Amino acid sequence: MLDLKFVRDNFDLVKENIERKNEKADLSEFLLLEEKRREFIQNTEKLKNERNVVSKEISNLKRTGGNADNLIADMKVVSDKIKEFDDNLKEVELQIQDIITRLPNMLAEFVPVGKSEEDNKVIHHWGEIVPQKLKMNHIEISKALGILDFERGAKVSGSGFSFYIGKGAKLERAIIDFMIDYHVEKHGYTEFWSPFMVNEASMFGTGQLPKMAEDMYFAQEDGMYLIPTAEVPLTNYHRDEILNFEELPKKICGYTPCFRRESGSYGKEVHGFLRVHQFNKVEMVNFALPENSFEQLEILTNEAEDILKALNVPYRRILLCSGDTSFASAMTYDLEIWASGEEKWLEVSSCSNFIDFQARRANIRFKRTPSSKPEFVHTLNGSGVATSRLYATILENNLQEDGNVIIPEALRPYCGFDKIEAK
RNA sequence: GGAGAGGUGGCCGAGUGGCUUAAGGCAACGGUUUGCUAAACCGUCGUAGGGGUCAAACUCUACCGGGGGUUCGAAUCCCCCCUUCUCCGCCA
């Protein structure tokens, strides 16, 4: 969320930012409503002051045995008026709230202006792209190995869900364990295991609500949402809290399944593991000082890359252009890995600096010294990384000519086997 | 799911309709004293939003888990919800 005063004082900048981000947000009423708001505040506060003063007089009169009937009658009128003014004020505040919670975050200055993913900027590549001889994608490979079952996933749940079987299930667990251990041991993260369902306030805090409501699974009876990413529980862990200067930057990570309705996606582009309703992900979250959050974004993105390097997966880092940068983000790097069967770059990580946008929504602050004024922290997060597409890529890139899949060395201690053989 | 007891500032804790603009304490910060530390003493000590100002000073309003209500006036009374604890029931 943007600061109300900031929007008021930088109205044109905010408008321009909305366009650059390719977002739709209506600001036409804003200035008028904001003016109204302040007028209504003055109206009602003036009367409240009067009520407070006279109430004290009434109190004094009653204590000394005087008659306060006239004053009480007067105040009855004033009280009714206050109620009316308060209702007006509340109405205007709701309207302003509705506008301001739908305004996207301000883009960082480094973000290139552009409309779609075609304007994204490739920052660098790593690893060697080796063409795959058998020309099999992960669906065909997994069928040959007997380790994934998309059909029964669809039967039991629906399309976009799958079963992992035998060594296939073990491989998934191995990938997750490997990534968590790596971030904890090599990058200094603290591991968290979090709830997979959260309340509305949490979804608002990280910016999924109100805009993305239709992209999430919602349990109506209990008013809870299935998390689309661990970012939500991990960032909201510190909601409504004041952190100490010394503990920043605070780095936490965690594994969770992620649930996404993906309501707009169909067809061949989304087959197999390319787009699913439930996938596994290790997420890194960083609560940072405002003055070095962009340095932290570089560090965090490097940490996600380390996972790909350790697994020897070719990847490229992409700086998203303004139009592709998400609602809550000020700047985002995507990591894409090369899948030799799909012959495509697949996004497996998105690393963002949200600056104070989420912190203001979720009210996460810090104090520089015990007596200084609280300031909003900067929040960052990045996938480190998402498994499904990584899983698909591991199958495709490590497929041998005999149809077996060799397990990357870093995963072998976690798997307990070094290859999966074709049936 | 049922019954009961709680939720007050960074923390502890008083307060059951009006001298409470939330007592008192701890912690924190500034100062005095002191050879140093400690102690003692004095002062400061919340958040948000208005007004005001070049900026301040200053001033007003709201906030006692959240939301409604009663009243001239609510931390205090009523209703709904959230949450913690104890007991009972059900259950992986």
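Since this is a predicted model, take the numbers as computed values, not measurements. Below, chain A is the first sequence line, B the second, and so on; all start at residue 1.
On the P atoms, G30(B) is 14 Å away from U37(B), given to the nearest whole Å. Rounded to the nearest Å, the gap between the P atom of A22(B) and that of U61(B) is 12 Å. C91(B) and U76(B) are spaced 41 Å apart, taking the C1' atom of each and rounding to whole Å. Going from the C1' atom of G49(B) to that of U44(B) covers 24 Å, rounded to whole Å. Remark: the separation of the C1' atoms in A27(B) and G13(B) is 14 Å, to the nearest Å. Between A38(B) and C19(B), the two C1' atoms lie 41 Å apart (nearest whole Å). If you take atom P in G17(B) and the same atom in C77(B), they sit 8 Å apart, rounded to whole Å. On the P atoms, C11(B) is 40 Å away from C90(B), given to the nearest whole Å.
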**Prompt:** So what's the dot-bracket for RNA chain B: Watson-Crick or G-U pairs under 3.5 Å, [ ] if a pair crosses, | if it pairs off-strand?
**Reply:** ((((((((.[[[..)..(.....]]].(((((.......))))).((((((......)))))).[[[[[..)....]]]]])))))))....
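Nearest approach of Ala230(A) to Lys281(A), heavy atoms of both residues: N-NZ, 4.0 Å. Heavy-atom minimum distance, Leu47(A) versus Val78(A): O-CG1, 4.0 Å.
Backbone-only contact: Arg8(A) has heavy atoms under 4.0 Å from sugar-phosphate atoms and none from a base. Lys36(A) comes within 4.0 angstrom of no nucleic acid atom, judged by non-hydrogen atoms across all strands. Nucleic acid contact class of Lys76(A) (heavy atoms, under 4.0 Å, all strands): sugar-phosphate only.
Taking atom CG of Asn199(A) as the reference point, atom P of C81(B) lies 17 Å away to the nearest angstrom. Atom NZ of Lys81(A) is separated from atom P of G73(B) by 16 Å (rounded to the nearest Å).
Between Lys367(A) and A27(B), a side-chain N or O to OP1/OP2 separation shorter than 4.0 Å is absent. Here Arg38(A) does not reach the OP1 or OP2 of G52(B): none of its side-chain N or O atoms lies under 4.0 Å away. Under 4.0 angstrom from either OP1 or OP2 of C72(B) there lies no side-chain N or O belonging to Lys83(A).
Annotation for Glu140(A): atom CD counts as buried by contact number, over 12 foreign heavy atoms lying within 6.0 Å. Lys211(A) NZ: more than 12 foreign heavy atoms inside a 6.0 Å radius. Remark: Glu117(A) CD is loosely packed, at most 12 non-hydrogen atoms of other residues, nucleotides or ligands lying under 6.0 Å away. Enclosure of atom CZ in Arg8(A) by more than 12 non-hydrogen atoms of other residues, nucleotides or ligands within 6.0 angstrom is indicated.
Using cut-offs of 30° and 60° for the angle between ring planes, the Tyr217(A) and Phe161(A) rings count as tilted. Between Tyr189(A) and His187(A), the angle of the ring planes goes over 60°, which puts this pair in the perpendicular group of the 30/60° scheme.
Mapping Lys90(A) and Ser79(A) onto RNA chain B by nearest heavy atom places Lys90(A) at the nucleotide closer to the 5' end.
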What N/O pairs connect the protein and nucleotides 60-66 of chain B at under 3.5 Å? Give each pair on its own line.
from   : atom 1 : to       : atom 2 : distance (Å)
C60(B) : O3'    : Asn49(A) : ND2    : 2.7
U61(B) : OP1    : Asn49(A) : ND2    : 2.7
U61(B) : OP1    : Asn52(A) : ND2    : 3.1

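Sorted by first and then second residue, the salt bridge (Lys or Arg N to Asp or Glu O under 4.0 Å) pairs involving residues 375-398 of chain A (not counting sequence neighbours) are Arg368(A)-Glu375(A).
Of the candidate nucleotides U21(B), G18(B), A48(B), G18(B) has the atom lying nearest to any side-chain atom of Ile58(A).
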**Request:** Can you check each nucleotide of nucleotides 12-17 of chain B against protein heavy atoms at under 4.0 Å and return B for base, S for sugar-phosphate only, - for none, in 5' to 3' order?
**Result:** ------
Under 3.5 Å donor-acceptor pairs involving side-chain atoms of residues 407-423 of chain A, not counting sequence neighbours:
from      : atom 1 : to        : atom 2 : distance (Å)
Arg412(A) : NE     : Ile407(A) : O      : 2.8
Arg412(A) : NH2    : Ile407(A) : O      : 2.9
Tyr414(A) : OH     : Asp181(A) : OD2    : 2.8

Contacts under 3.5 angstrom, residues 65-76 of chain A side chains, donor-acceptor by atom type, not counting sequence neighbours:
from     : atom 1 : to       : atom 2 : distance (Å)
Asn67(A) : OD1    : Asp69(A) : N      : 2.8

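In summary, the aromatic rings of Phe287(A) and Phe366(A) are positioned with their centroids too far apart to meet the 6.0 Å limit.
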